[in-house]
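Whatever order the structure lists ligands and atoms in, that order sets their numbers, starting from 1. If you're wondering where the values come from, they're calculated on a predicted model, not measured in any experiment.
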Amino acid sequence: MPATPTLEAQLLHLRLDGWCIVKDVIPREEVAAVRESVAEATLRHQRPDAPANIGHRTGLINYDQSFASYLVAPHFIELIRATLGQNVRVSFTSAMINYPGNARGGLHADWPFNQRNAGHIPAPYPDVVAHLTTLWMLSPFSAENGATIVVPGSHRMETNPSAEGCSHDEDTPYPTEIQAAGEAGSVLVMDSRMWHAAGANRSDSARVAMAIRFAPWWLNLNGLRPGSGERARQMAATGLTENEVEAVKKDVYARLASAVQPLFEHWVEH
Ligand SMILES: O=C(O)CCC(=O)C(=O)O
């Protein structure tokens with residue numbers, strides 16, 4: 001069995017390639033229970049405007065907390081904190097169920113680099129790690145069921161295919177792209193600038209995953225807050241829409257473990 005990569009090796013992989021996989025963030029014997037809990041919450045609270053063939057629930061922490069304790073699994077959170085600083089914050093918790101037949105997505109970078117969001121850092125953007133996207137494999141990710149497509153090294157670009165004028169079309173596979181496969185319980189950690197897309201699900205079962213995103217303390221998240229003046233001004237100024245992240249309910253926050261609470265403190269409802 002290959003040795004578990006060290007934190008230094010994972011950091012190098014993340015810096016050079018823009019992504020790495022952290023294994024066993026959820027232990028194998030516990031991942032089925034988390035998958036079932038997340039899938040059940042997603043089906044019960046499904047977003048009506050979710051794209052075809054995808055079950056989606058944003059603000060997942062309000063609907064299901066089965067995953068919360070794993071956010072501080074030492075070999076996972078050490079990597080996140082070594083990259084973004086000790087006072088890191090969770091910016092998004094989203095569940096995604098990609099059903100059989102779900103088509104390949106377009107290549108893009110995530111918020112705040114996705115140029116279609118009102119609150120985006122305009123391209124050409126600087127070479128700074130400002131946000132991490134972590135995709136939690138609650139089902140195993142394989143080429144067949146649509147493991148995330150990544151373009152290694154693309155995080156060092158100053159733009160991405162969501163931008164008008166980007167020299168690569170979002171729907172054209174990139175020659176060096178690969179699929180980030182892994183076992184259930186593993187987490188794909190990537191620089192949010194990295195070009196990526198959902199793979200096509202050609203299997204006969206659903207791929208259940210979560211996108212948990214992390215921000216450093218200095219990144220302004222106010223544009224994601226429903227009803228905020230800053231959000232309205234960003235949308236009016238750009239003519240673009242923006243993702244919404246509902247506030248964490250007080251009683252949900254109160255029940256989180258003390259080691260998990262600091263990740264969500266900034267977003268608790270007033
Ligand atoms: O579902 C996937 O594999 C990719 C998801 C994605 O592109 C995103 O959350 O930004």
From atom 2 (C) of ligand 1, work out which of R207, M210, M190 has a heavy atom at the shortest distance. R207

Looking at R255, I want to see if its CZ is surrounded by more than 12 non-hydrogen atoms of other residues, nucleotides or ligands under 6.0 Å. yes

Atom 9 (O) of ligand 1: the protein heavy-atom neighbour that sits closest, reported with distance to 0.1 Å: R213 NH2, 2.7 Å

Which residue and non-hydrogen atom of the protein lie closest to atom 10 (O) of ligand 1, and at what distance in Å? D110 OD1, 2.8 Å

Exactly one of F67, Y70, F76 clears ring-ring contact (aromatic ring centres under 6.0 Å, His included) with W136, and that residue is F76

Nearest-neighbour protein heavy atom for atom 7 (O) of ligand 1, which is reported as residue plus atom name and distance: H108 CE1, 3.0 Å

Note: heavy atom closest to atom 4 (C) of ligand 1, options A198, S192, G199, belongs to A198

Under 4.0 Å between a Lys/Arg side-chain N and an Asp/Glu carboxylate O for R193 and D110? no

Under a 3.5 Å cutoff, is there a donor and acceptor pairing between the side chains of Y125 and N160? yes

Would you please indicate if the ring centroids of F92 and W267 are separated by under 6.0 Å? no

Between T148 and ligand 1, which residue portion shows a heavy-atom distance shorter than 4.0 Å: side chain, backbone, both, or neither? both

